[in-house]
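Chain letters run A, B, ... following the sequence lines, proteins first, then strands; residues in each count from 1.
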Amino acid sequence: MPELPEVEVVRRGLVEHAVGRRIRAVTVLHERAIRRHLAGRADFEAAVAGHRVIDIRRRGKYLWWVLDDGDALLAHLGMSGQFRVGPTGEHKHPHLRVRFTFDDGGPVIDFLDQRTFGGMSFLPGQADEPGPLAHIAIDPLDEQYDLGATVARIKAKNTEIKRALLDQSVVSGVGNIYADESLWRAQVHYARSTQALTGPAIRRVLQAARDVMTEALSVGGTSFDALYVNVNGDSGYFDRSLAAYGQEGRPCPRCGTLIRRDAFMNRSSFYCPRCQPPPRVSGRGRAS
DNA sequence: ATAGCTACCTGGGCGC
DNA sequence: TGCGCCCAGGTAGCTA
């Protein structure tokens, strides 16, 4: 699943393969991929064609192409979106949703997306900050990131720590995998109350989030299944370093207790019941 | 206002 | 062999 490290790997790939090139044409093969572009397919195709790509930027899990004339092409990979660089005229992948061709006649860039939760939109004049990002917090790998301010924002909320971690308006870029890994590293249970946790404990969770995402980025991200690869179709290697996520029934790397999986927020949460004891008062049911 | 729930999607895996 | 069900989960938009 693409979270911050995976999206950053994709951003770097697009910097290498798209920046400096002029888009000749864009073809939308699946309308849902541009559902956020309310003016529709024909408008999207016409608006994007002819622009030169100046830069690729990212905040959290969003990335956007900075185009000449100050326009933005905003993209989100959702669950299964991929940008792939490939030779012109290759057979079309069954999950191909949008194809970009370029004036230089070089490799095409394809947007593939099996589950179609991802997509893109063209936002004229919004290269500096696309409108849909207004509520997305600065992410932990941004140089403007303020850890202390993020601790304060979490303390001000009345919810459980994992909900706060996954709230993209509080801290962006963290998804289910890195949330569980961060909580495991900080030895904090997912259901602990943001009110009851101390400032230093919240700080440890956020520092763990930054650390784990930095480490994942350095090995190309996490390819837990086949749904995340870089622009060249290669997997990342961080799945080998996961301590908690997806490790149900395996020993905790720290204490040897078997990792558990709970349903939480209609998702799975993986944790060590010994290193990450659940809150006492919360009344959350746990099998003995 | 804030917190928390559901819809949206597809294909792999599983049980029968 | 095939059918049907469940599961994965990021985000927008809804409700209370």
Side-chain angles (χ1 to χ4, degrees), chain A residues 1-8 10-11 28-38 58-64 74-83 92-98 111-121 123 130-137 139 152-183 190-197 209 213 216 221-229 235 239 242 244-249 261-270 282-284:
Chain A
M1 312 301 160
E3 302 179 28
L4 188 154
E6 293 75 36
V7 178
E8 175 60 17
V10 170
R11 188 196 69 82
V28 176
L29 294 95
H30 195 305
E31 194 96 40
R32 195 173 142 77
I34 55 141
R35 66 194 180 283
R36 304 281 169 215
H37 187 86
L38 302 180
R58 180 190 59 73
R59 182 190 294 172
K61 302 169 199 169
Y62 282 90
L63 53 82
W64 70 101
L74 181 66
H76 197 292
L77 303 179
M79 292 287 299
S80 54
Q82 306 179 351
F83 280 110
K92 292 185 166 121
H93 190 283
H95 302 143
L96 177 63
R97 308 307 186 200
V98 181
F111 179 72
L112 316 180
D113 192 6
Q114 179 204 106
R115 295 181 193 169
T116 70
F117 278 23
M120 57 191 82
S121 56
L123 299 164
L133 270 62
H135 70 286
I136 303 296
D139 67 64
R153 204 171 317 136
I154 290 179
K155 272 206 84 67
K157 291 183 74 71
N158 180 21
T159 188
E160 294 144 310
I161 183 64
K162 187 172 176 183
R163 290 185 190 277
L165 266 185
L166 292 174
D167 184 338
Q168 304 297 300
S169 71
V170 173
V171 52
S172 71
V174 180
N176 204 39
I177 296 174
Y178 297 115
D180 280 2
E181 291 301 302
S182 304
L183 292 165
Y190 60 83
R192 293 290 299 276
S193 153
T194 53
Q195 306 271 299
L197 283 170
M213 291 197 294
T222 301
S223 299
F224 190 69
D225 53 29
L227 294 183
Y228 163 71
V229 292
S235 297
D239 59 308
L242 295 173
Y245 184 86
Q247 307 303 307
E248 182 183 20
R261 177 176 63 169
D262 285 356
F264 179 69
M265 293 174 71
N266 290 320
R267 305 281 181 264
S268 286
S269 276
F270 298 90
S282 138
R284 168 159 301 284

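With sequence neighbours left out, A:E181 forms a side chain to side chain donor-acceptor pair (under 3.5 Å) with no residue at all. Residues forming a salt bridge (Lys or Arg N to Asp or Glu O under 4.0 Å) with A:R35 (at least two apart in sequence, or on another chain): none. Partners of A:R58 by salt bridge (Lys or Arg N to Asp or Glu O under 4.0 Å), not counting sequence neighbours, listed by chain and number: A:E8, A:D139.
Using a 30° and 60° split on the angle between ring planes, A:Y62 and A:H76 fall in the perpendicular class, above 60°. Ring geometry for A:F270 versus A:Y245: interplanar angle over 60°, hence perpendicular rather than tilted (30 to 60°).
Within 4.0 Å (heavy atoms only), A:D113 reaches no atom of the nucleic acid at all. Residue-level contact check: A:H135 touches the backbone only, with heavy atoms under 4.0 Å from sugar-phosphate atoms and none from bases.
Nucleotides of DNA chain B with any atom under 4.0 Å from a heavy atom of chain A span, from 5' to 3', B:dA3 to B:dG11.
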### Query
When you check every protein heavy atom under 4.0 Å of nucleotides 5-10 of chain C, what one-letter string (B, S, -) results, 5' to 3'?
---BBB

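Between the side chain of A:S235 and the backbone N or O of A:S223, no donor-acceptor pair lies under 3.5 Å.
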### Query
Are A:D113 and A:S80 close enough, and set up right, to give a side-chain hydrogen bond (donor to acceptor under 3.5 Å, both in side chains), and what steps lead you there?
CA-CA 5 Å; A:D113 192 6; A:S80 54; 2.6 Å; yes

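A:R153 has its side chain out of reach of A:K155: every pair of non-hydrogen atoms, C-beta onward, lies at least 4.5 Å apart.
Within the cation-pi definition used here (under 6.0 Å to the ring centroid, within 45° of the axis), A:R267 does not qualify as a partner of A:Y190.
A donor atom on one side chain and an acceptor atom on the other are not found under 3.5 Å apart for A:Y228 and A:E3.
For the helix from B:dT2-C:dA16 to B:dC16-C:dG2, the end axes, each set by the C1' atoms of five terminal pairs, are bent relative to each other by 50° (nearest 10°).
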